[in-house]
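Working notes for the structure below.
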Protein chains: 2
Amino acid sequence: MLSKRQKDILKIIVEHYIKLVRPVSSNNICKLLNCSSATIRNEMVTLENLGFIEKMHTSSGRVPSEKGYRYYVDYLMEPKAMTGEDMLKLQTIFHNQSLPVNDVIAKSMTIISELTNYTAIVLGSSAQENRLQQVEIVPLDKEAVIAIVITDKGHVEHKRIEVPNVSLDEVKKTVELINNLVVGTPISKVSSKLEFEIKPIISKYVKQHEILYQAFYQAFNDFSHKNSMQLSGKVNFLKQPEFDNVDKIRDIITKLEDDELVRSVKAEDSDIKVYIGSENEFDEDVTIIKTKYTIDDESGTIAIIGPKRMEYNRVVSLLEYLKENIKR
Amino acid sequence: MLSKRQKDILKIIVEHYIKLVRPVSSNNICKLLNCSSATIRNEMVTLENLGFIEKMHTSSGRVPSEKGYRYYVDYLMEPKAMTGEDMLKLQTIFHNQSLPVNDVIAKSMTIISELTNYTAIVLGSSAQENRLQQVEIVPLDKEAVIAIVITDKGHVEHKRIEVPNVSLDEVKKTVELINNLVVGTPISKVSSKLEFEIKPIISKYVKQHEILYQAFYQAFNDFSHKNSMQLSGKVNFLKQPEFDNVDKIRDIITKLEDDELVRSVKAEDSDIKVYIGSENEFDEDVTIIKTKYTIDDESGTIAIIGPKRMEYNRVVSLLEYLKENIKR
DNA sequence: AATTAGCAATTGTTTTAAGCGAGTGCTAGG
DNA sequence: CCTAGCACTCGCTTAAAACAATTGCTAATT
C-alpha cells in the first residue's frame, strides 16, 4: 500500500512525463510538494523497488513503468473535464441531424484523432445480427445478374453472379423462394437456412440449382464476414517524440496496415478499458483505450491507440462524451 | 550529343546507384570499361557539366541527377526480360478465371508491389461512362427506404433516403418514372436529365417532390464522384534506404494518405510513362510510372510509385506484362 | 590528342578525449 | 524523519585527430 506522499509523487511523475516526455528528477517534484529533493529521492527508491518507476541509467530521472501507468490509471488519475474547444468540435458533428449514426461515430473519431494526435479506430457494427430484409436481382446481360441483399438496418451488399445457361426465370424463382422463406432471418443464420431449407426445394424446381445455390451462398457469406473498419490519423504516430527511429515506425505502421491485427482490437466490454503496453496484443509500446458501443441491435468498437504516455484522462473523457452522445 | 563511352559511363552510374544506393566512384567504373580511373574522371567532369550526374560533396562519387535518370530512361535503359519468378506469381492471378477483371488488376498490382517493394496504386475505372441499368427501392420502415442504383457494367451504389411523410406509393411512382425515362443514360448525364425531365413531372404528380428529388439527385451525384482506389504497399517506402529520416517518411506517408493527391496521379495516356522527381506533382523525391488501362468502356490507372532510383526497366516490364494480360 | 600514373587536396566518417551538466545515492547531522 | 552536502555516474556536447574515399590536376606516356 502506497503512502499518500508516494501516490502524490507517482502521480506527478506520470503526468510530468506524459506532458514533457523527459525523465522526471527529484528537483522537479520537490518544488510541488515543498519538501527537499533528498526526501523525494528516498521515496523514489521505494517506488522503484516496488516497480512503479524506472531509471534509464544510473543518474537519470525516473520514468513511469508499465505498472506505474497502470496504478495511475486505476487509482490516481482524476477525470478531466472536457475542454470547451474539444466539446465544440464534436458538437458540430452531433448536431448534423442528417448524418446516419454510423457516420457520426466515424467522423467523431476522426475529430478525436485530430484533437489528440493519436490514432482512432472504428470497427464497424457487424451486420451479423441484422436480419434479411429483401433480396433483389437485376439482370445485366445474358450471362450475369447482380444479386443485392438488403438487411432491416439498411446494410446493402451486392454480388455479380455469372449465370451461363441459367434462365432468368429460374433465377427469379430462386430469389422468390429466398424472399418468401428466409426474410427476417439474422444474417448469421441465413447460410444454414439456405442449405437446409432452400437447397432441397430449388434442387427440385431449378435445373442448374448447384451453381445458383453456390452463388447465393457465397454472397451471404461475404456479407456476414464483411465488417467495416476505419482508421484515422495513422500518421499521428510519426508525430510522437518517442517514435523517433525508423525501425519502430516501420513496425507500427506495418501493424496498422494489417487489417486482421487492427480488427483484433475489437472490444468485448461496454466499459471504457485501458490496455497499457504489453497488456494489449497489438504492440508493447502502445496503449489502447477502447470500448464497445451499441445502437439498437448493432454494436461496434471505438478505440484510441497511442504511445504509452497517453493523456489517459483526456482520451477517456472524450470517449465517454462520445458514447453518451451516441445514445441519443 | 554524348559519346558512346559517355553513355556507357552514365548507364553504369545509374544502374550501379540503383542497385547499391551509394555514390559511384571512378574506380568502380574503370574495372568494367578497362581504362584507367583518371580517364573516367575526365569524362565524369564532362557529364557533370552537362548536368547528368552530381556530386554530394567535393570528394564523393557521382550520383545520377534527375536529368541523368531521364536520359537513362529515354535512351540507355534496356528492356528487362521478366524473370520466371515474377511471371509465375502473376500467372496465378491471371489464371483464376472466376475473378472479375477489376479484381485481377487490383490483385496483380498488389503482387507487383510486393515483388518490387514499391507502392502500387490502382485508380478505379470511373463509373462515369456506365449507363444506368435500373433503380430499385427497398422499403425499410415507415421513414426510410434504400435506393439502389445499378449500371449496365454491374456497378452498384446505394443510399438510404429518409422519407418522412412521403407515401410509399409516391416513392414507387418516382422510381418508376426514373426507370422509364432515364435508364440507358450515362451516369454523367443522369443529373441533368433528372433535373430537366423528371423534376417537372414528379412535381406535378408527387406531393413532396422536393425531398424526393433531392434524395435521388444526391444519390446519383455520390455515384458519379465515387471512384475506387487501391493503394498497396504503402509501407514499402519505409524499406527504401534513402527514406531514412523521420521527417521525410512523415512527409511521404502523409501524402499517400491524402486521397485527393493520390487520385491526382491519374494517367491520361495509355502508354507507360515515367515521371521522375520534379516531373511529377506528387513529391520531388519519388518516381511515378503509370499508365491508363481500358476494358470495354471503362478505364482506370495503374501506377507504381517509388524512389527515384527505381528499377525502371523491371517496373516497366511488369506493367507491360500486366497490361497485355488485361486485354484478354 | 588521348590516356594514364601519381599526388595533393577535400570532405565525410570514425575515434578518442575532455569537459559539462543533470541527477542520483549515501552519509552525517539537525 | 528530514535535509544539506558531496562524491559519483552517465549521457551529451565539443574538439581534435586519425582515417578512408575520392576527386582534380599535372606531368609523363602512348
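Not measured: the values here are computed from a predicted model. Letters go in sequence order (proteins before strands), and every chain restarts at 1.
Using a 4.5 Å heavy-atom threshold, the side chains of B/Lys7 and B/Met1 count as touching. Using a 4.5 Å heavy-atom threshold, the side chains of A/Val73 and A/Val14 count as separate.
For NZ of A/Lys107, the number of neighbouring non-hydrogen atoms (other residues, nucleotides, ligands) closer than 6.0 Å is 12 at most. Other residues, nucleotides and ligands contribute more than 12 heavy atoms inside 6.0 Å of the CD atom of B/Gln91. For B/Lys234, the NZ atom sits in a packed shell: over 12 heavy atoms of surrounding residues, nucleotides or ligands are nearer than 6.0 Å.
Here D/dT22 presents its P atom at 9 Å from CZ of B/Arg22, a figure rounded to the nearest Å. Whole-Å rounding puts the A/Asn28 CG to C/dG21 C1' distance at 14 Å. One interatomic measurement links the two molecules: CD1 of A/Ile40 to P of C/dC26, which rounds to 17 Å at whole-angstrom precision. Note: CD1 (A/Ile9) to C1' (D/dC2) measures 13 Å, nearest angstrom.
Ring orientation note: the planes of B/Tyr312 and B/Tyr69 are tilted relative to one another, at an angle of 30° to 60°.
Within the structure, every side-chain polar atom (N or O) of A/Thr58 is placed at least 4.0 Å from both OP1 and OP2 of D/dT9. Here B/Ser59 does not reach the OP1 or OP2 of D/dA21: none of its side-chain N or O atoms lies under 4.0 Å away.
Note that the NZ atom of B/Lys266 and the NZ atom of B/Lys292 stand 7.0 Å from one another [nearest 0.5 Å].
Comparing B/Asn34 and B/His57 along DNA chain C, the residue whose closest nucleotide (by nearest heavy atom) sits nearer the 5' end is B/Asn34.
Nucleic acid contact class of A/Ser37 (heavy atoms, under 4.0 Å, all strands): none. In this structure, A/Arg5 reaches the sugar-phosphate backbone alone: every heavy-atom distance under 4.0 Å involves primed, P, OP1 or OP2 atoms, never a base. Residue contacts shown for A/Ser25 are limited to sugar-phosphate atoms, with no base heavy atom under 4.0 Å away. B/Arg62 comes within contact range of the sugar-phosphate backbone alone, with a heavy-atom separation under 4.0 Å but no base atom that close.
Checking D/dC2, D/dT9, D/dT23 against every side-chain atom of A/Thr39, the shortest atom distance belongs to D/dC2.
Applying a 4.0 Å cut-off to non-hydrogen atoms, the residues of residues 41-56 of chain A that approach DNA chain C are A/Arg41, A/Met44, A/Val45, A/Lys55, listed by residue number.
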